[in-house]
Amino acid sequence: MHGLRQTAATRLARSARLFSTAVESKVGTYDISGQALPGRAVYLDAQATTPLDPRVLDAMLPHMTGNYGNPHSKSHAYGWEAAECVEVARKQVADLIGADSKEVVFTSGATESNNMAVKGVGRFYREKKPHVITLVTEHKCVLDSCRQLQTEGHEVTYLPVQANGLVDLARLEAAITDKTSLVSVMAVNNEIGVLQPVEEIGRLCRAKKVFFHCDAAQAIGKLPVNVDAWNCDLLSISGHKVYGPKGIGALYVRRKPRVRLEPVINGGGQERGLRSGTLAHPLVAGLGAACAIAAEEMGRDAEHVGRLSLKLRDTLLSRIPNIQINGDVQQRYQGNLNISFAYVEGESLIMALKDIAISSGSACTSDSLEPSYVLRALGVEEDMAHTSIRFGIGRFTTEQEVDHAINMCIKHVERLREMSPLWEMVQDGVDLSKIQWSQH
Amino acid sequence: MGERTQVLALFKKLMRASRSFTHYNFREYALRRVRLGFREKAGVSDPAQIAELVGEGSKQLEVVRKQALISQLYPQARHVMEGTRK
């Protein structure tokens with residue numbers, strides 16, 4: 001029995017070894033010129049998440065080791081220490097967006113902040129103002145919160161966007177009625193990187209006495225954000241999109257004029273009763289540090305990201321025919337580049353670019369083969385929407401990585417197109433849109 | 001002269017500490033950021049301001065040293081870009 005077990009184990013070990021060599025040789029033979037390199041992939045998915053900045057981790061570690069108090073304990077020093085670090089962080093977050101500390105509420109992330117803002121305001125003003133306006137290109141958590149409000153009897157307007165991904169201000173103005181309580185529009189789109197005209201939207205909402213909620217998860221720390229310049233009444237922040245930890249975010253809630261909202265999470269009355277639950281103060285400290293560092297590094301980051309992004313964009317545009325940039329070219333955050341490669345299946349390209357970590361759209365929908373609803377809302381044709389890739393460049397991306405991504409893209413787009421019958425037909429001058437495909 | 005030596009020594013220490021990050025992206029960023037930081041302040045000649053900047057830099061040096069050590073404690077597989085170096 002013992003011997004048998006041993007042979008089985010040996011066999012297992014051998015097959016594991018065989019398997020690993022098989023995988024290795026597959027990797028090796030995958031690319032004859034040896035360009036599919038082994039190792040951790042180049043990370044170009046900065047919209048999905050960003051690495052935790054070592055300086056942020058440094059600020060968090062004391063609170064994950066010695067300072068373990070409950071920030072809400074008022075009867076001993078452990079609690080006071082933790083509470084102090086929370087208040088320091090609150091000030092750091094507030095400073096980044098030009099707000100007062102008292103207006104910052106910590107949450108578990110931008111999804112919770114968005115839920116809290118949309119449902120909270122919607123529900124509080126349900127009696128007199130049961131109408132909410134948002135855009136079709138918003139993040140799923142805003143759209144789903146709106147859907148929830150609809151089931152509770154609210155009316156929701158989902159405004160379409162123009163072909164460049166931006167809202168039509170005249171349509172927005174026309175949609176606002178005296179029953180409207182809230183307009184929720186994101187600053188930077190997570191999929192295509194366009195920056196909505198937030199200042200104009202804010203001004204319009206203020207003039208019409210409607211609350212303006214802005215999901216700024218993708219904008220914070222990358223572009224200057226100021227709640228007064230934007231006339232924002234509520235603003236969502238996420239930790240892990242600004243090189244901070246996951247599991248923490250914040251919601252800015254204006255005090256003058258006062259925004260009232262019904263809490264989504266009830267309990268011990270922490271965070272002025274708006275969001276009960278013990279604060280995870282190490283994460284809060286991380287978010288605060290991330291915001292302080294972002295404020296300090298914003299100019300340097302913008303210069304670096306902008307330079308790499310332009311290089312990526314211009315080289316791809318000049319070297320690969322039949323590609324298009326999705327979303328407005330000017331009005332955007334540079335670090336997000338969403339490109340459609342015609343006649344190449346997006347998922348195949350992602351698979352081919354195996355040593356580059358990219359995605360075709362948002363991480364939330366990256367397991368689905370459906371084309372992105374954001375791109376469809378822009379009126380991007382189905383076939384082009386299927387071929388989109390989002391490149392996300394951040395603080396820690398190197399020029400060498402971008403050069404590698406450029407080379408790999410050029411090479412694999414060419415290779416995949418050579419295999420594509422559609423590409424061949426296009427080269428022969430066939431107009432694909434005129435073909436009547438038989439229905440099966 | 002004393003200041004100059006002090007600044008150069010700090011630069012060397014920061015670069016050396018930055019190089020000890022095992023994670024490719026953090027290492028490259030730290031090196032880039034250190035160089036940039038010193039270049040930005042190259043024109044400063046006021047001794048009081050230099051002293052202040054050196055103090056700030058020394059604090060950052062501690063952070064880099066601690067974090068580089070942590071990256072050594074939790075190493076990861078080599079980054080694709082490191083493979084092309086040799």
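Each chain gets a letter, A, B and so on, in the order the sequences are listed, and its residues count up from 1.
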Counting only heavy atoms not in [X], do more than 12 sit closer than 6.0 Å to its [atom1] atom?
X      : atom1 : answer
A:Y78  : OH    : no
B:K13  : NZ    : no
A:R307 : CZ    : yes
B:Q72  : CD    : yes

Minimal non-hydrogen separation, A:T398 against B:E28, with atom names: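 In this case the closest contact between A:T398 and B:E28 is CG2-CB, 3.6 Å.
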Got [X] and [Y] here, is their nearest side-chain heavy-atom distance under 4.5 Å?
X     : Y      : result
A:R40 : B:Q76  : yes
A:D58 : B:E62  : no
B:M81 : A:H404 : yes

Contacting region of A:L61 [heavy-atom separation from chain B under 4.5 Å]: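 Just its side chain gets close to chain B.
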ring-ring contact (aromatic ring centres under 6.0 Å, His included) partner of A:F396, chosen from B:F26, B:F21, B:Y24: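 Option passing the ring-ring contact (aromatic ring centres under 6.0 Å, His included) with A:F396: B:F26.
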Residues A:T397 and B:Y29: side-chain donor-acceptor under 3.5 angstrom: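 No.
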Interatomic spacing from CG in B:N25 to CD in A:E401 - rounded to 0.5 Å: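 Taking CG in B:N25 and CD in A:E401, the distance rounds to 4.5 Å.
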B:R33 bridged to A:E297 by N-O distance under 4.0 Å: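 Looking at B:R33 and A:E297, the cut-off is met.
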